[in-house]
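Let me begin by presenting the structure, written as C-alpha cells, before commenting on it.
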Amino acid sequence: ASNQELSIKESRLDRIDGNKVTWIVDATILGQATPVNFTFDMQENADGSLKGTLTALGSNFARVPVTMTRS
C-alpha cells in the first residue's frame, strides 16, 4: 500500500461502548477533490495496549489497522 496524506476537516464522537470509542472523521486526501468519510475506532485492551481501526465508509478497501501509543 502507498502512503497517503490526509487532511482532517471534522472529527466527532459517534459512540462509546465499554472500552471501545468510535469517531466519525471527514477528511480529504492529498491530490483528490472528493472528500472521504471514515470511522475510527479505538479499544483499550486488558494489558493497557491500544488497538484501532480506520474504516473507509462505502469503500471496497474497507479497514486499515492503526498503531497508537499513549502520549
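As the structure is a prediction and not an experimental result, all values here were calculated from the model.
- A distance of 10.0 Å separates CZ of Phe38 from CG of Asp26, quoted to the nearest 0.5 Å.
- Scored by the side chain to side chain contact (heavy atoms under 4.5 Å, CB included) test, Asp47 finds Asn45, Ser49 as partners (sequence neighbours excluded).
- Evaluation of the salt bridge (Lys or Arg N to Asp or Glu O under 4.0 Å) rule for Asp14 yields no partner, not counting sequence neighbours.
- Partners of Ser7 by side chain to side chain contact (heavy atoms under 4.5 Å, CB included), not counting sequence neighbours, listed by chain and number: Lys9, Thr28.
- Considering Asn37, Thr39, Ile8, Val36 as possible partners of Val25, the one that fulfils the side chain to side chain contact (heavy atoms under 4.5 Å, CB included) test is Ile8.
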Arg15/Asp41 under salt bridge (Lys or Arg N to Asp or Glu O under 4.0 Å): CA gap, chis, key distance, verdict
CA-CA 9 Å; Arg15 181 174 60 248; Asp41 65 80; over 6 Å; no
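- Leu50 and Met42 make their closest contact through CD2-SD, 3.5 Å (heavy atoms, listed as atom of the first residue, atom of the second, distance).
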